[in-house]
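Take a look at the structure set out below.
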Amino acid sequence: MTMADIVETTGGPEQDRPLYRAAGVTRTYTQKGRIVKALTGVDLQILPGEFVTIQGPTGGGKSTLLQLLGALDTPSTGSLLLDGRELSSASAKELARIRAEEIGFVFQGFNLIPTLTAAENVDMALEPLHLDREERRKRVAAALSHVGLDDRVDHLPTELSGGQQQRVAIARAIVKRPRVLLADEPTGNLDESMRDEILTLLQFLCAEGITIIVVTHDSAVARRATRRLRLTKGVVQDITK
Ligand SMILES: Nc1ncnc2c1ncn2[C@@H]1O[C@H](COP(=O)(O)OP(=O)(O)O)[C@@H](O)[C@H]1O
Ligand SMILES: [Mg+2]
């Protein structure tokens with residue numbers, strides 16, 4: 001028995017418990033009668049406060065794994081715990097609550113609503129939380145300030161650079177004060193200097209205690225991680241040196 005096991009069985013402090021624990025996770029898709037095994041047996045633990053990157057070839061299952069970690073989808077078989085709660089058997093309602101309150105998402109294409117300002121885009125993430133107007137206003141201002149966009153709150157996405165748009169998306173992800181930020185190729189559409197700007201921001205958020213999990217093709221991104229994983233043919237390998 002390891003120290004971690006003892007802490008867990010005795011219900012030790014929350015920070016010692018893995019944020020995620022996956023055991024034998026598979027995800028199989030059926031498309032036009034064909035079966036695709038996207039994940040074939042993922043075993044994984046991620047601790048609170050880690051900065052994890054997931055690399056690997058296209059089709060290796062990276063986005064599938066991120067969707068499972070984000071409670072957007074559930075495993076076909078196996079166990080996936082988020083902070084001790086089993087996601088694979090959770091109800092749709094419970095998964096929706098977890099997504100709304102505990103998980104921030106960032107995508108390669110920013111996914112901002114073009115007709116809404118930066119502040120309105122960020123505010124959308126607070127809709128499910130039923131906060132009063134004043135608390136919402138304060139949180140939106142704080143999140144945009146946190147990503148360095150105090151002077152861009154009323155701008156539309158088209159009036160912002162790519163790096164600024166991705167910072168709005170990160171503000172939208174953190175405004176709910178999530179435990180974890182999941183990002184699928186967040187720098188894939190950015191030039192090198194904007195990429196570095198976003199990576200520095202992610203490291204800063206990690207230092208503040210948000211667990212960061214980033215899918216990436218880019219080894220410059222992986223160099224910022226505290227742990228590097230590689231996903232090939234549906235299996236995870238730890239490649240941290
Ligand atoms: N919704 C889906 N329906 C059917 N097959 C899918 C679906 N999503 C992904 N796949 C398949 O699962 C495999 C893994 O895909 P994905 O997780 O997107 O990999 P990656 O992000 O590493 O490129 C691929 O073979 C892909 O075609
Ligand atoms: Mg992908």
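Just follow the structure's listing: the first ligand is 1, and inside any ligand the first atom is 1.
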| request: Begin with the C-alpha distance, continue with both residues' side-chain angles, and end with the deciding distance and a verdict on side chain to side chain donor-acceptor pair (under 3.5 Å) for Asp218 and Thr216. | output: CA-CA 5 Å; Asp218 186 343; Thr216 186; 5.3 Å; no
| said: Any donor-acceptor pair under 3.5 Å linking the side-chain atoms of Arg224 with those of Thr53? | reply: no
| query | When you check the side-chain N and O atoms of Tyr20 and Thr211, is any donor under 3.5 Å from an acceptor? | reply | no
I'd like to know if the side chain of [X] and the backbone of [Y] have a donor-acceptor N/O pair within less than 3.5 Å.
X	Y	value
Thr26	Thr77	yes
Gln55	Ser219	no
Arg228	Ala222	yes
Gln237	Arg230	no

Closest approach of any protein heavy atom to [atom], naming residue and atom:
atom	value
atom 17 (O) of ligand 1	Thr64 OG1, 2.6 Å
atom 18 (O) of ligand 1	Ser63 CB, 3.8 Å
atom 9 (C) of ligand 1	Tyr29 CE1, 3.3 Å
atom 14 (C) of ligand 1	Gly59 O, 3.4 Å

Please determine if [X] has a nitrogen or oxygen closer than 3.5 Å to a nitrogen or oxygen of ligand 1.
X	value
Gly60	yes
Val36	no
Lys62	yes

| Which atoms from ligand 1 have a heavy atom of Thr58 less than 4.0 Å away? | 23 (O)
| Within less than 4.0 angstrom of ligand 1, does Pro57 place any heavy atom? | yes
| task | Tell me, with the steps shown, if Arg136 and Glu127 meet salt bridge (charged side-chain N to carboxylate O under 4.0 Å, His left out). | result | CA-CA 9 Å; Arg136 271 170 84 148; Glu127 206 129 297; 3.4 Å; yes
| request: Return the set of protein N, O or S atoms whose distance to the Mg ion (ligand 2) is under 2.8 Å, each given as residue and atom. | output: Ser63 OG
| Verdict with supporting geometry, Lys176 and Glu102, salt bridge (charged side-chain N to carboxylate O under 4.0 Å, His left out) | CA-CA 7 Å; Lys176 62 178 89 161; Glu102 302 182 38; over 6 Å; no
| field | Non-hydrogen protein atom less than 4.0 angstrom from atom 26 (C) of ligand 1 | value | no
| message | Among Gly56, Ala38, Gly61, which one puts a heavy atom closest to atom 19 (O) of ligand 1? | response | Gly61
| task | Give me the one residue out of Leu156, Val175, Val168 that meets side chain to side chain contact (heavy atoms under 4.5 Å, CB included) with Asn121. | result | Val168
| Verdict with supporting geometry, Lys62 and Asp184, salt bridge (charged side-chain N to carboxylate O under 4.0 Å, His left out) | CA-CA 8 Å; Lys62 302 181 298 296; Asp184 200 344; over 6 Å; no
